Every structure is written in C-alpha cells, then in structure tokens.
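All values reported here derive from a predicted model rather than from experimental measurement. Counting convention: from 1, in listed order, for ligands and their atoms alike.
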Amino acid sequence: MAAARHVAIIMDGNGRWAAARGLPRSAGHRAGVEALRRTVRAAGDLGIEVLTVYAFSSENWSRPKAEVSDLLGLFRLFVDRDLKKLHENGVRVRMIGNRDTLSDDLLDLIRKAEMLTVDNRRLHLNIAFNYGSRDEIARVMRDLALEAAAGNLDASEISEDLISSRLDTAGDPPLDLLIRTGGDTRLSNFLMWQLSYAELLFVETHWPDFGLDDLASAISEFSGRERRYGGLGAAETATA
Ligand code: FPP
C-alpha cells in the first residue's frame with residue numbers, strides 16, 4: 001500500500017477537552033493550537049507531503065461572539081507568530097476557504113505568509129479558514145459559468161479535472177486520508193469533492209491530546225487498508 005501523501009484533519013473536541021478539566025472553551029482552543037504545532041512537526045517527520053486542517057468553518061461564525069473572536073485571534077497569532085518557524089522548517093502555508101468577507105488586515109497577513117513560504121517543499125500546510133466545501137464548489141461553478149457566458153469557455157470542456165484544478169486545493173496530490181478527532185462521525189462540510197476516494201478515520205481522542213503517536217498510528221492504519229477505487233481488490237483480481 002502506498003504512503004499517505006495528503007492527509008486532512010477535522011480538529012474536533014477542544015471544547016469537551018476543556019470542559020473535562022473545568023476550563024473555559026478558550027483554553028481548549030489554545031491547547032488545540034499546541035496540538036496543531038505538534039502535528040505539523042509530526043507530519044513533516046512522517047514524510048506527509050500535504051496536511052490540510054480545518055481551523056474555522058463558514059458555519060463557525062454562528063458561535064458566540066467571544067468564541068469567534070478568540071478563534072480569529074488564534075488564527076492570526078498562528079499565521080503571524082509561527083510564520084518564521086514554519087518557514088525555517090520548510091513549510092509552505094496556504095489558506096483555503098472564502099476570502100471575500102475577510103478583513104483587509106487578515107488578508108494581508110495571509111498573503112504575506114503565502115508569499116514568504118511559496119517555494120518551501122518539506123510540507124505543504126493548507127489551513128482551512130472560513131471554509132465550507134459547498135461554498136468552495138459553488139465558487140468554482142460560478143466562475144466557470146461566468147467564463148462560459150463571456151465566451152471564454154466551452155461548457156462541454158467542463159470536466160472533473162477542470163473542476164479539481166479550480167478548487168482551493170488545486171495542485172495538491174489527491175486526498176488520501178481524513179482523520180476526525182473528538183468521536184463524531186460527520187464530514188461537517190469539509191473537502192467533500194476531494195474526499196471521493198479518501199479513507200476516513202474517526203478517532204475518540206480530543207484534538208488537544210492528539211500528537212505524533214496518533215498521527216503515526218493513523219498513517220499505519222491507512223497503510224493497512226486496501227483502496228480499490230471502484231475496481232477489484234488484489235485477492236479478487238488474482239482469482240478473476
Ligand atoms: C472544534 O472543537 C475546533 C474548532 C472549531 C476550531 C479548531 C481550532 C483549533 C484547533 C485551534 C485554532 C487553530 C487555528 C490555526 C485557528 P470544538 O470547539 O467544536 O470542540 P467541541 O466539539 O468539544 O465543543
């Protein structure tokens with residue numbers, strides 16, 4: 001079985017981790033950032049090429065105002081303060097998600113991080129922020145429709161490859177493995193196009209407790225699974 005090149009994570013369970021310790025949810029998110037730092041290091045060490053993490057969904061705006069501003073602050077700090085270290089460690093940073101409604105100063109920070117790290121090759125980190133999979137697909141569809149209406153695109157040329165090449169994850173290898181921590185078994189509007197042939201792994205561990213060993217065992221579980229992409233497995237092919 002081939003190695004996992006592209007791994008995505010739904011980092012869930014910060015609030016429950018904090019509640020179990022009698023701490024405010026904000027402490028859970030802070031511990032979640034530590035877990036993200038650990039996991040980025042671990043992903044590089046394990047030879048993963050692309051790590052895509054769900055930091056803030058387009059639905060998360062409906063959380064209480066204080067929590068939203070806490071998460072925005074943590075994202076800002078991560079992109080700003082961790083940037084030098086990420087760059088030194090060969091991490092390329094890219095934000096995926098809807099940029100239309102983000103403030104100018106946040107967009108400047110994101111652009112700065114993306115430009116500084118664009119040539120880094122050790123690990124590509126996609127941070128999904130203000131991200132929703134349906135929104136991502138709708139943005140692609142709107143753009144293609146506008147191009148067709150302007151006469152710059154023949155609608156018969158719209159293919160799976162063309163759509164993939166317009167998604168926020170354009171250029172990345174196909175998604176191999178999705179890990180969701182925190183025990184829930186939902187996709188929560190994350191990477192639904194990209195997940196078509198990915199393996200899904202749901203673990204009980206709350207995100208702040210996640211680390212190198214958890215990622216290593218997820219990768220090893222992935223390596224043990226047989227991916228058939230709609231075809232036959234090795235055993236069936238041998239006896240066919
Ligand atoms: C889900 O936990 C987690 C989030 C909504 C945000 C994920 C954010 C981080 C890991 C830290 C921030 C990192 C960056 C870069 C912004 P939850 O609050 O839904 O937990 P619960 O399900 O236990 O309530």
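For ligand 1, the atoms sitting less than 4.0 Å from at least one non-hydrogen atom of His29 are 11 (C), 18 (O), numbered in the order shown with element in parentheses. Interface atoms of ligand 1 facing Arg16, defined by a heavy-atom separation under 4.0 Å, are 21 (P), 22 (O), 23 (O). Each of the following atoms of ligand 1 lies closer than 4.0 Å to a heavy atom of Phe75: 16 (C). Taking a cut-off of under 4.0 Å to the non-hydrogen atoms of Leu36, the atoms of ligand 1 that pass are 15 (C).
Note: an N/O pair closer than 3.5 Å links Arg63 and ligand 1 by distance alone. Residue contacts with ligand 1: Arg25 is placed with a nitrogen or oxygen under 3.5 Å of a nitrogen or oxygen of the ligand (distance criterion only). Annotation: Trp207 places no N or O atom under 3.5 Å from an N or O atom of ligand 1; distance criterion only. At least one N or O atom of Gly15, backbone or side chain, sits closer than 3.5 Å to an N or O atom of ligand 1.
Contact analysis leaves Ile127 out of contact with ligand 1, as no non-hydrogen atom separation drops below 4.0 angstrom. Residue contact check for ligand 1: Gly13 places a non-hydrogen atom closer than 4.0 Å to it. For the ligand labelled ligand 1, residue His206 lies outside the 4.0 Å heavy-atom shell.
The closest protein non-hydrogen atom to atom 3 (C) of ligand 1 is Met11 O, 3.1 Å. Closest protein heavy atom to atom 9 (C) of ligand 1: Asn14 ND2, 3.6 Å.
Looking at Arg139 and Glu136, no side-chain N of the basic residue comes within less than 4.0 Å of a carboxylate O on the acidic one, giving no salt bridge.
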Residues Val91, Lys85; criterion side chain to side chain contact (heavy atoms under 4.5 Å, CB included); working and verdict: CA-CA 9 Å; Val91 180; Lys85 197 133 206 194; over 6 Å; no
From CA spacing to verdict: salt bridge (Lys or Arg N to Asp or Glu O under 4.0 Å), Arg76, Asp105: CA-CA 10 Å; Arg76 229 178 254 273; Asp105 62 324; 2.8 Å; yes
Worked check of side chain to side chain contact (heavy atoms under 4.5 Å, CB included) between Leu167 and Gln194: CA-CA 9 Å; Leu167 293 170; Gln194 295 87 338; 3.8 Å; yes
Verdict with reasoning, Leu187 to Leu178, per side chain to side chain contact (heavy atoms under 4.5 Å, CB included): CA-CA 9 Å; Leu187 297 182; Leu178 171 78; 3.8 Å; yes
Residue pair Asp82, Val93: steps toward the side chain to side chain contact (heavy atoms under 4.5 Å, CB included) verdict: CA-CA 11 Å; Asp82 286 56; Val93 179; over 6 Å; no
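Between Asp176 and His6, the side chains place no donor N or O within less than 3.5 Å of an acceptor N or O (distance only, hydrogens not considered). Looking at Thr169 and Arg94, their side chains never bring a donor and an acceptor atom within 3.5 Å of each other.
Nearest to atom 12 (C) of ligand 1 by heavy atom, out of Thr39, Val68, Val33, is Val33. If you check each of Gly183, Gly32, Ala128, Ala55 against atom 8 (C) of ligand 1, the one with the closest non-hydrogen atom is Ala55.
Below 30°, between 30° and 60°, or above 60°: for Tyr54 and Phe190 the angle between ring planes is below 30°, a parallel geometry.
Separation of atoms CG (Leu201) and CZ (Phe222) is listed at 11.0 Å; rounding is to 0.5 Å.
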